[in-house]
Amino acid sequence: MNSQELWVLDRLKSCKTITQLKQIHAFLIKTSPLRLRAPQLIYPKLISLCTTSSYSFGANLTYFRSILTNLENPHVILYNNAIKALSSAQNSSFSLEAVALFRAMLIKGLVPDNYTVPYVLKACAQSQALREGEQIHAHCIKTGMLLSIVYVKNTLMRLYAVCGVIKAVQKLFDGSPQRDLVSWTTLIQGYVKMGLLREGVATFFEMCDANLRADEMTLVIVLSACSKLGDLELGRKIHDYMLDNEVNSDVFVGNALVNMYLNCGDADFACKLFDEMPFRNVISWNSMISGLAHQGKFKESLDVFRKMQNIGLKPDDVTLVGVLNSCANLGVLELGKWVHAYIDKNRIKADGYIGNALVDMYAKCGSIDQAFRVFQGMKNRDVYSYTAIIVGLAMHGDAEKALSIFSEMPIVRIEPDEVTFIGVLSACSHAGLVAEGQKYFEEMSSVYNLIPQTEHYGCMVDLLGRAGLIYEAEEFIRNMPIEPDAFVWGALLGACRIHGKVELGESVMRKLLEVEPDRDGAYILMSNIYSSSNKWRDALKLRKAMKGKNMKKTPGCSSIELDGVVHEFRKGDKSHPKSKEIYKLLEDIMSQLKNYGHLAQY
DNA sequence: CTAGGGTTAG
């Protein structure tokens, strides 16, 4: 090899960009005796550049393909590398390109080996290309690969699992002579992905019975199933299994454990585990932030976010969605606005999850105009975006705008779902639009194939009841195809309160107590009905009857934000450091109100 | 050069 050739090879080694690579390529063709071997020399570097750095296949696909087709007698490995590289790209068109390469090599007479097939199947799974996957499945049956290579069978199972064809996953699993840990894990994953959580966990126990020992990956999936089930007892069982079998707790497992304990309601233990984790990543923090919010511990969730800020860990979009969710539920507009500014500053696009969370946050914090602006600024709106703004507008009493936005949905071809209709019906209810509400309720099933849930029946009872159509509301409940629950009876009792229906109220209260005997809501509403009809004696009797029972009280709770700190107040709560002064001020206000002739209502 | 892992809204 002469010095010029060595120089070229050296250049190739240190080449860092596609542009440089193309220059070397041009040089090779024009002046080097190596020109015939140019594709062979360029090709590996091109693959590695496309896979290791930010150079996307998208921009270089044509170049990439031209090199590959110019290779003389390309070895299967070259195709394998290309397919592997394409299969790890995010873009689904690259996955189809991987399938195209697979076809091309078959046409060239090359025989795909036990590496090619898992790669191309991975590409299919990534883009959920079920049709293409099925064709490759057929190829594997014909060549006998399916039976002889466990990798092939497992990646095929994975393809069907991500496409939601759980029956095909199970069939492959059942028909397989050798099942390793990956086969079992993929089967479990298939069930969990489909929401068949119990089946997934049952499969895990079957696996244990088959004397296979689970590793970290399997357990992460099983823990996430327990988390979604909210079954603490089951979750603890899995945790015990891990301790018994000395499963190594890496950051994935740690996160899954924290998440499981949070979603199953043991927040204290979750915090303890979180604190003890030797290594935490952004997902650990996200798990805490959204998990605490899931448990209604919004203030604690924001405290965790603040700690995350203090250690200087950069939040990602999942963090921000969680924080916005907590802001929305606490009404903490200031922090919500800060998140919005942060999003703008970091050029995160306010679309998808983030946009929807922003709309919801502004709506729940009372800035409906700002919510609307964000909604309008979103490029990609989905059913969640529409529902957030419709529910928000309904909450703010702007039924007209809520319904007008709802009427846009068919034009942009977004199907409303059950929650959208909660917004639509409550908009009608608050505006007294009885006929419209009835029309929408009817359309829910006749046009959109949605089955009304008790919440929707509750909205309808509220709609009729508020409008004073108490008899119609009762009739509506009698004709319900499902058993009325607390939602429905509560709505009717509320209507009795507004319209001073004492006798009906008494019978509705009994119904409400039948379905929800241990909550105080029915008593409170009824005692309010008595009080507002000046039946003080009855109100007092009811309060006394309540005291004798051990009722679950829905605690009155409010919060304010001051200089970035959330202060939370519960009924009878004296834990705030300035509690004495606060109560003193409240008393002052009450006595001043009295002086102005205001009578406390309850 | 092979397969299976965690967090996300109304």
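The structure displayed is predicted, hence computed values, not measured ones.
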Among [options], which nucleotide sits nearest the side chain of [X]?
{"X": "A:Tyr353", "options": "B:dG5, B:dG10, B:dT8", "answer": "B:dT8"}
{"X": "A:Val321", "options": "B:dG10, B:dT8, B:dA3", "answer": "B:dT8"}
{"X": "A:Ile221", "options": "B:dC1, B:dG5, B:dT7", "answer": "B:dG5"}
{"X": "A:Tyr119", "options": "B:dC1, B:dG4, B:dG10", "answer": "B:dC1"}
{"X": "A:Ile77", "options": "B:dG5, B:dG10, B:dC1", "answer": "B:dC1"}

Which part of the nucleic acid, if any, lies within reach of [X] when heavy atoms closer than 4.0 Å are counted: base, sugar-phosphate only, or nothing?
{"X": "A:Glu216", "answer": "base"}
{"X": "A:Asp316", "answer": "nothing"}
{"X": "A:Thr116", "answer": "nothing"}
{"X": "A:Asp360", "answer": "sugar-phosphate"}
{"X": "A:Leu181", "answer": "base"}
{"X": "A:Val253", "answer": "base"}
{"X": "A:Ser183", "answer": "nothing"}

Worksheet item: Is there a donor-acceptor pair closer than 3.5 Å between any side-chain N or O of A:Asp462 and the backbone N or O of A:Gly458?
Response: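 No: the side chain of A:Asp462 does not pair with the backbone of A:Gly458.
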Practice prompt. Please answer whether the main-chain N or O of A:Glu418 pairs with a side-chain N or O of A:His456 as donor and acceptor at a distance below 3.5 Å.
Written response: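 At least one qualifying donor-acceptor pair exists.
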Discussion item. Is there, by distance only and without an angle test, a donor paired with an acceptor across the side chain of A:Asp215 and the base of B:dG4 below 3.5 Å?
Written reply: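 Yes.
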Discussion item. Quiz question: going by heavy-atom distance under 3.5 Å, is there a donor-acceptor pair between the base of B:dG4 and the side chain of A:Thr186?
Written reply: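 It does not, because no donor-acceptor pair links the side chain of A:Thr186 to the base of B:dG4 below 3.5 Å.
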Does a nitrogen or oxygen in the side chain of [X] sit under 4.0 Å from OP1 or OP2 of [N]?
{"X": "A:Asn356", "N": "B:dT8", "value": "no"}
{"X": "A:Arg158", "N": "B:dG4", "value": "yes"}
{"X": "A:Arg179", "N": "B:dA3", "value": "no"}

Discussion item. Looking at A:Lys108, I'd like to know if its NZ atom is crowded, meaning that more than 12 non-hydrogen atoms belonging to other residues, nucleotides or ligands lie closer than 6.0 Å.
Written reply: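 Atom NZ in A:Lys108 is packed in, count exceeds 12.
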Fill in: Residue A:Gln178 excluded, over 12 heavy atoms near CD under 6.0 Å
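Yes, the 6.0 Å shell around CD holds more than 12 heavy atoms from other groups.
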Discussion item. Between the side chains of A:Lys237 and A:Asp244, is the shortest nitrogen-to-carboxylate-oxygen separation below 4.0 Å, so that they form an ion pair?
Written reply: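 Looking at A:Lys237 together with A:Asp244, the answer is no, because their closest N to O distance does not fall below 4.0 Å.
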